[in-house]
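Accompanying notes for the structure given below.
Excluded from the calculations below are hydrogen atoms, water molecules and symmetry mates; all remaining heavy atoms, backbone and side chain alike, are included. Remember, it's 1-based here, ligands and their atoms both numbered in the order they're listed.
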Amino acid sequence: MIEMINVYKKYPNGIVAANGINVEIEQGEFLYVVGPSGAGKSTFIKMMYREERPTSGEIIINGTNLAKLKASRVPYLRRQIGVVFQDFKLLPKLNVYENVAYALEVIEEAPSVIRTRVMEVLELVGLKHKARMFPTELSGGEQQRVSIARSIVNTPKLVIADEPTGNLDPETSWEIMNIFEEINARGTTIIMATHNREIVNTIKHRVIAIEGGLITRDDARGDYGYEG
Ligand code: ADP
Ligand code: ADP
């Protein structure tokens, strides 16, 4: 479903964050992306939803070549990809329900469909009872649950998460992982950048390590693999 061929990314300041990346990811995979800070993990992830463009190389997602994708088609691409961030990025003036419904309102989905689907994903993340609360009234773990609900409300085939447990305590992190496992079990591809050694070494999945803009390891059911 995802293929990167000789992907190279040089930022305007001269930093090379991807230095010839080649990778294939199948539909339904769960992939951890590990590596030191500054290695290029976020850049790798951002290029998949066209937050950043490669300087050269090809990125093909579900048959669409992102390098050739017109700017006018980017919103359409983004609707097929759910994105979850370390800092949640919820809209503070909207309540939980509205934060999740937003993506469906933008595409003018029928109100009855929106209501059913939003309550369905809030139930999946265990927050149906907090639909009327605002982000500031929720714990970090609950905010991340809302953000996961928002990421899947469009039923994307791919969910990308950049250090989703980075701001959460260990127990909450495991709860969040259980939700990602559930989403993956239903067939959604998950790509997750993480520094969480315990999780990577316990819930085994494919691991790719990025260092200096290059993939240095790619193991099915791999380990986190860094000390300290
Ligand atoms: P990681 O997610 O592994 O910490 P990043 O992809 O964020 O790595 O960064 C890789 C390298 O690219 C770092 O040296 C970083 O400073 C640089 N970088 C990231 N984003 C930008 C940007 N927008 N402009 C310039 N340099 C950037
Ligand atoms: P239940 O199945 O428990 O009756 P509901 O579907 O009635 O759940 O809604 C659960 C919560 O979501 C309630 O607090 C409800 O007011 C809230 N809610 C439902 N629809 C909306 C909406 N359009 N905007 C804001 N909150 C909503």
Side-chain angles (χ1 to χ4, degrees), residues 2-25 29-61 65-67 69 71 74-75 77-78 81-90 140 143-144 147-148 151 156 158-170 172-173 176-177 180 184 189-201 203-220 222-228:
I2 300 172
E3 192 175 8
M4 288 198 184
I5 306 162
N6 294 328
V7 170
Y8 179 82
K9 171 70 182 182
K10 188 182 202 173
Y11 283 110
N13 60 6
I15 290 177
V16 175
N19 198 10
I21 289 190
N22 290 284
V23 72
E24 261 183 68
I25 302 158
E29 277 199 82
F30 195 128
L31 175 73
Y32 293 120
V33 181
V34 305
S37 289
K41 302 181 297 296
S42 293
T43 302
F44 175 76
I45 275 181
K46 284 177 180 169
M47 289 189 295
M48 286 185 201
Y49 60 99
R50 255 287 285 268
E51 177 70 20
E52 292 291 348
R53 292 181 82 146
T55 309
S56 63
E58 313 264 284
I59 302 175
I60 296 147
I61 299 195
N65 188 338
L66 300 203
L69 192 67
V74 170
L77 169 82
R78 298 239 176 105
I81 303 174
V83 186
V84 176
F85 303 95
Q86 178 172 4
D87 59 355
F88 325 130
K89 297 199 194 297
L90 298 174
Q143 290 182 59
Q144 194 59 299
S147 136
I148 294 170
S151 79
L158 169 64
V159 171
I160 293 175
D162 197 349
E163 295 202 41
T165 63
N167 283 344
L168 305 176
D169 61 62
T172 307
S173 298
I176 292 297
M177 285 307 297
F180 281 115
N184 180 241
T189 308
I190 311 265
I191 298 177
M192 180 182 296
T194 183
H195 283 122
N196 197 314
R197 157 196 314 279
E198 280 264 303
I199 284 173
V200 173
N201 288 345
I203 308 177
K204 291 287 203 166
H205 291 296
R206 180 178 175 188
V207 177
I208 73 169
I210 296 186
E211 289 169 42
L214 275 170
I215 294 180
T216 52
R217 270 193 286 140
D218 184 348
D219 298 316
D223 286 318
Y224 183 78
Y226 294 96
E227 297 303 317

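The 4.0 Å heavy-atom shell around ligand 1 contains residues Tyr11, Asn13, Ile15, Ala17, Pro36, Ser37, Gly38, Ala39, Gly40, Lys41, Ser42, Thr43, ordered by chain and number.
Screening Ile208, Ile190, Ile2 for a side chain to side chain contact (heavy atoms under 4.5 Å, CB included) involving Leu31 leaves a single residue, Ile208.
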Please tabulate, for side-chain N and O atoms in residues 34-42, each donor-acceptor pair with protein atoms closer than 3.5 Å (sequence neighbours left out).
unit_1, atom_1, unit_2, atom_2, d
Lys41, NZ, Gly35, O, 2.9
Lys41, NZ, Pro36, O, 2.8
Ser42, OG, Asp162, OD2, 2.9

Distance-only check: which donor-acceptor pairs under 3.5 Å involve side-chain atoms of residues 13-21, not counting sequence neighbours?
unit_1, atom_1, unit_2, atom_2, d
Asn13, OD1, Ile15, N, 3.0

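A donor-acceptor contact shorter than 3.5 Å is absent between the side chain of Ser151 and the backbone of Val84.
Annotation: side chain to side chain donor-acceptor pair (under 3.5 Å) contacts of Thr216 (sequence neighbours excluded): Glu211.
The heavy-atom pair separating Ala161 from Ile45 by the smallest distance is O-CD1, 3.8 Å.
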